[in-house]
Protein chains: 2
Amino acid sequence: MKARTDTKEKIMELGTDLVESIGYPSLSYQQISSQLGIKNAAVHYHFPSKESLGLEILNTAIGSFEKMISNISSLGLWEQLDTFFKSYRKHLESNNKICLIGASASDYQELPESMQAAASEYLVLVKGWFVELLREGREEGVFHFKGEPKHKAAVIVSALAGGLQHARLVGNLHYDEIVEQLVEDLKP
Amino acid sequence: MKARTDTKEKIMELGTDLVESIGYPSLSYQQISSQLGIKNAAVHYHFPSKESLGLEILNTAIGSFEKMISNISSLGLWEQLDTFFKSYRKHLESNNKICLIGASASDYQELPESMQAAASEYLVLVKGWFVELLREGREEGVFHFKGEPKHKAAVIVSALAGGLQHARLVGNLHYDEIVEQLVEDLKP
DNA sequence: TTGTTTACTTACTTATAAGTAAGTACCTTT
DNA sequence: AAAGGTACTTACTTATAAGTAAGTAAACAA
């Protein structure tokens, strides 16, 4: 059961990068194989279908997110929020990538059903985490906002995802402006 | 100089719908021609290249937006805002489409340069309109918010674009929640 | 009424995509 | 050392994509 190479992991990494930069429909096995110096069929060996690769990319990301929120759960609420903002901003720094949820959402109609379901699950998870963070934060007097935590969470998660995308068109500063405003709006 | 058929307009309409639902890279001339009951080459007659079609779709949308803001410029500021929210929401009602700017942003790396430039121009235009609306609204005591109008505009435009996309994953209510929260946040 | 332009169709080319079947070399286990 | 599995490569198939050249029928202008 021991892996003798790390080709599969390299495919996953590159595949994730490609989905975040050009989108799942534009991703091709040729691109992956040529960049890794292997053959087309080698990719099919590890991921028989493109759907299987796309699905594993999404599920791995869900796992990473769950691990991250668990790791930062003992931090202060402002720090948790900041960690998320910064983890999203990292996408911009390497090749103007966007987040997986946003990429999946904009390509939604072209995704196989299994990936649509995984993407939905991912967003429900992230939005749910924001709802709890905001609810708890307001209860403790850390965050200040009007309306339901669910609605505020919707604004934040969509503004960040949209912000990464829009940053491609008008510059990375756009994302920073969004973060600054969101933070400002949560202060007393 | 008289057009004897309206095929070109039909291609534009369907093309716009397709870009907003499946994205520019996934749009194909075969799809357009089969849905309009014409041949592949007929589409090439009106739009020699896919780029020419994509570019005209963007430029037409820019023209429509300019016309719209001009038409509603005499309305109250809240009404102008509401008009925009509702025009965006219409996308959801027909086949869970997303806005052209968001679609262009998420497919940005796959677009020809001319379309990248047009998409940027479009977003600059829309964001600029929001900046002015917010600046004027605060000056007149109609809108209330902290921070710079430019930053608030960034949040609103990206939350709306991201909201349309996320609505595909978690339901149309998500978009309505965003609008409700944005409105709430602009009240005194 | 003849010639020209408009709006196509027919038939094709070239490129690229996902996916597969069969073969091979190395590694591990027995 | 023999047998089996792992991780590939080679060579292929089928489908679909954008784009083009040449032909055609109807509308229009002279």
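These figures come from a predicted structure and were not determined experimentally. The sequence lines fix the lettering, A, B, ..., with proteins before strands; numbering per chain opens at 1.
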Do B/Q80 and B/S73 get their side chains close enough for a donor-acceptor pair, meaning under 3.5 Å? no

Assign B/L36 to base, sugar-phosphate, or nothing according to its heavy-atom contacts below 4.0 angstrom with the strands shown. nothing

Measuring to OP1 and OP2 of D/dC8, would you say a side-chain N or O of A/T7 lies under 4.0 angstrom away? yes

Which nucleotide in the list C/dT10, C/dC8, D/dT9 gets nearest to the side chain of B/A41? C/dT10

Between B/K187 and B/F145, is NZ or CZ placed under 6.0 angstrom from the six-membered ring centre and within 45° of the ring axis? no

Residue A/I38, side-chain atoms from C-beta onward, closest of C/dT9, C/dA18, D/dT9: D/dT9

Pair B/K127 + A/E177: basic N to acidic O under 4.0 Å: yes

Just compare D/dA17, D/dC8, C/dG19 and give me whichever is closest to any side-chain atom of A/H46. D/dC8

Looking at A/Y45, does any N or O in its side chain come under 4.0 Å of the phosphate oxygens OP1/OP2 on D/dC8? no

Rounded distance in Å - CG (B/N40) to C1' (C/dT13): 13 Å

Length of the line joining B/Y29:OH and C/dT9:C1', which is rounded to integer Å: 17 Å

Rounded to whole angstrom units, what separation is found between the NZ atom of B/K50 and the C1' atom of D/dT16? 12 Å

Any idea which of C/dA17, C/dT9, D/dA18 is nearest the B/Q30 side chain? D/dA18

Measure NZ/B/K10 against C1'/C/dA7 and give the value in whole Å, please. 14 Å

Could you check how far CG of B/L53 sits from P of D/dA17, rounded to whole Å? 15 Å

Measure from CD1 on A/I32 to P on C/dA18 and round the result to the nearest Å. 8 Å

Please work out if B/L27 contacts a base, only the sugar-phosphate, or nothing of the nucleic acid, heavy-atom cut-off 4.0 Å. sugar-phosphate

Does A/K39 make a cation-pi contact with A/Y45, if we ask for NZ or CZ under 6.0 Å from the ring centre and within 45° of the axis? no

Identify which nucleotide among C/dG19, D/dA18, D/dA7 has an atom closest to any side-chain atom of B/H44, counting heavy atoms from C-beta outward. D/dA18

Quick check for you: among C/dC8, C/dT20, C/dT10, whose closest atom lies nearest to any side-chain atom of B/A42? C/dC8

Given the rule in the ring pair (Phe, Tyr, Trp, His ring centres under 6.0 Å) test, do B/F47 and B/H44 qualify, once you have shown the distances and angles that lead to the verdict? CA-CA 5 Å; B/F47 300 97; B/H44 278 284; 10.0 Å; no

Any B/K39 side-chain N or O less than 4.0 Å from OP1/OP2 of C/dC8: no

